2 protein chains.
Amino acid sequence: MDTPVAPPPRRITIVDVAQHAQVSTTAVSKVLRNAYGVSPKMRDRVRQAIAELGYRPNAAARGMRGQTYTIGVMLPNIRNPFFAEILDGLTDHLADTDYQVLLGPGCNGREAEAKVTHAMIDRSMDGLILIAPISTRAHLDHVAATVPTVVVGRHGRSRAYDSVADDDFAGAALVVDHLADLGHTRIAHIEHHETDRDCLAEMPNAIRAAGYQQAMRARGLADEIDIASTTYTQDGGYLGAQQLLARPVRPTAIFAGADIVAMGALDAIAEAGLRVPEDISVAGYDNTTFAAFRPISLTSVDQAGHQIGANAARLLLDRIVDRQRPAAQVRLSPTLVTRHTTAPPPAP
Amino acid sequence: MDTPVAPPPRRITIVDVAQHAQVSTTAVSKVLRNAYGVSPKMRDRVRQAIAELGYRPNAAARGMRGQTYTIGVMLPNIRNPFFAEILDGLTDHLADTDYQVLLGPGCNGREAEAKVTHAMIDRSMDGLILIAPISTRAHLDHVAATVPTVVVGRHGRSRAYDSVADDDFAGAALVVDHLADLGHTRIAHIEHHETDRDCLAEMPNAIRAAGYQQAMRARGLADEIDIASTTYTQDGGYLGAQQLLARPVRPTAIFAGADIVAMGALDAIAEAGLRVPEDISVAGYDNTTFAAFRPISLTSVDQAGHQIGANAARLLLDRIVDRQRPAAQVRLSPTLVTRHTTAPPPAP
DNA sequence: AACATCTTGGAAAACGTTGCCCACTCACTC
DNA sequence: GAGTGAGTGGGCAACGTTTTCCAAGATGTT
């Protein structure tokens, strides 16, 4: 009976490299970090030793003194494909650097968010990117005071962290204008009900709802403003649409605050025996992957997630270099992707 | 001009706790790790000091000597909602432990997988869960020799790592039997073409294709076996369906090896002017979130991702405790979810 | 030739935690 | 009363890097 697993061989350390290259560990460290004060000859020698031994720096040990070359990304919901776009933008932008991105999953709710952010700080990460956090401002400021931080998808400016977001106000107007141009007047909206006063003005859902109202007024449709307050979930869309369809005068178009909400709305509409888009138009927000699937073909607002991610990465790298730099806010303009769930309203 | 950011206060360390509690750092460390040799009195005193100071252990420093309490999960494609199910199973199972899950994103291709696995090893993670890796067996064995590892969604047994997978062979049979029961005989399959001989027998896609053929033979439909070899992508589904629809005798049902493949197939079918399921039935695999959306309503094989994740977590924790334990293989049975894309074939 | 400055390389001290080992106390036994 | 052994608590040396110095040599300047 031999043991099935061989004892793992001791890992190559910087000392091994230094011995092999006949130099000091300081010299090796300098080469690793591209630090000042190494001759080209020395650099080559060390590089070769590193390659020959297959040396890889121990990140934990690095973290004790310097950087860990790790960037933590907090993702509230791994299922939303829009977040995947952001992540692609991030990783593309960081691919050529020495930084490694690690994701903290399953952050639904404030407690979970706090757990993940703390875990990332405990692991001495060099920077954090928080995507659509719902934590309090106080918590965000506290995190940002501890480690360089970029907040994505949340409005409101802080002196402690940079932020990148889509212009949700303009995005909502894109939808309203598109529907109004098609001839709709009874355009309703399903929003995510914001319970927390603290976040009220900062969350995208609130901004979208405000943008919807403002755009309706701008089109002279102030009297037609009609909002169902539920949640940004499939269920929320289902319930919201049910509410709206029960109105004395039914809306001819529904602007769902998110694509997943639109999916629920489509359910309720089909159950009510109505056709999309002949009887009623539906538009979403996020332009998630499934919105493009042919059987769905959902008109939606595209947030240029890739660019959002790239900007977040850029800002974070900047801030890691200079923590005193004044905070920046980046707003990106969304675009409308029209597909087959929106059409002129039915003749009266 | 005041500086906008206050200098981050020095972090509380184990030394601070020890001083505050009037004990040694060793004692604090023992309490932290629930190690043997601390009296209840001592434990309470230390716990209180920890709470009063808001101390949190530095994971990097821990990694130098002991564990990092971090588990790395490699996810090849964050967009596949099936992986999200696995992740939920994982995190649920690990929620009550001290372990934190961190995800390595963007691992499409062998190089990227190697980069991520190395990055996780460099960060002294206590264990790794690799989901549907496409790396060579040699690489997997090497990783598993270095750190406790569980491989998910890949068949083939190793002595170095545990594995958890769906029984893809049985899953394929579920689809074939369902379609055959409906009266179909010309049941075609779109597979992911396996280029790598090394992985041929281990990858789910290959097993599904084999299962399809075996099930067809079992139903006496050996002569009707018809496979389009493309890739597990939307494009692959589109191209595969185009090939199949161009056959002299058209199939009446298409078993797509993955839901996303089915999406592409639906595109091609609609373009050919055919209706689903009246003219042709379509089934997928994975039961991804969008399969359930009403406009899609795709018949699909459900893999019990939650259980897969929970099992992977359990096996990993076991292995962290005992690295010499013989490797285990877990196979879970899939189930079929019938929806509206499958129906009896059209009358001849 | 004397002096200042820059460049290059290394020695040694952190960083925060854990693991090993030893010392002490206290009860119990011979 | 000496010996035994379990139960507690602490001292100290790792762990693998980076950082801060300092020294020696090379180069330039008067």
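No hydrogens, no waters, no symmetry mates; every other heavy atom, side chains included, goes into these values. Fair warning: this is a prediction, and the values are worked out from it, not measured in the lab. All chains are named by letter (A, B, ...) in the order of the sequence lines, taking the proteins before the strands, and each is independently numbered beginning at 1.
- When all heavy atoms of A:G104 and A:M120 are compared, the pair lying nearest together is N-CE, 3.4 Å.
- Distance NZ (A:K41) to C1' (D:dA26): 14 Å, rounded to an integer number of Å.
- Residue B:I14 contributes atom CD1, which lies 19 Å from atom P of D:dA14 at whole-angstrom precision.
- Ion pair B:D122/B:K115 not flagged as a salt bridge, since none of the NZ, NE, NH1 or NH2 atoms sits closer than 4.0 Å to an Asp/Glu carboxylate oxygen.
- Taking the 5' to 3' direction, DNA chain C first and last meets chain A under 4.0 angstrom from a heavy atom at C:dT7 to C:dG16.
- D:dT19 atom C1' lies 14 Å from atom CG of A:L32, rounded to whole Å.
- The side-chain hydrogen bond (donor to acceptor under 3.5 Å, both in side chains) with B:S135 is formed by just one residue from the set B:H142, B:R154, B:E113; it is B:E113.
- Within a 6.0 Å radius of CD in B:E52, other residues, nucleotides and ligands contribute more than 12 heavy atoms.
- Comparing B:A61 and B:R43 by the nucleotide of DNA chain D whose heavy atom lies nearest to each, the residue mapping closer to the 5' end is B:R43.
- One interatomic measurement links the two molecules: CE of B:M64 to P of D:dG16, which rounds to 6 Å at whole-angstrom precision.
- Counting non-hydrogen atoms under 4.0 angstrom, B:V28 reaches nothing in the nucleic acid.
- Checking the phosphate oxygens (OP1, OP2) of D:dG10, a side-chain nitrogen or oxygen of B:S24 falls inside 4.0 Å.
- Counting non-hydrogen atoms under 4.0 angstrom, A:R33 reaches a base of the nucleic acid.
- Note on A:T13: only backbone sugar-phosphate atoms sit closer than 4.0 angstrom, heavy atoms only; bases stay farther off.
- Residues A:D162 and A:R325 are paired through a salt bridge, judged by an N-O separation under 4.0 Å between the basic side chain and the carboxylate.
- Atoms CG (B:N58) and P (D:dG16) sit 17 Å apart, rounded to a whole Å.
- Side-chain polar atoms of B:R123 and A:T70 form a donor-acceptor pair below 3.5 angstrom.
- Both B:R65 and B:Y36 lie close to DNA chain D; mapped to their nearest nucleotides by heavy-atom distance, the more 5′-ward contact belongs to B:Y36.
- Other residues, nucleotides and ligands place more than 12 heavy atoms under 6.0 Å from the CZ atom of B:R56.
- We find that NZ of B:K30 is positioned 8 Å from P of D:dG9, with the value rounded to whole Å.
- Heavy atoms of A:S39 sit under 4.0 angstrom from primed sugar atoms or phosphate atoms, though from no base atom.
- Counting to the nearest Å, the P atom of D:dT17 and the CG atom of A:D16 are 9 Å from each other.
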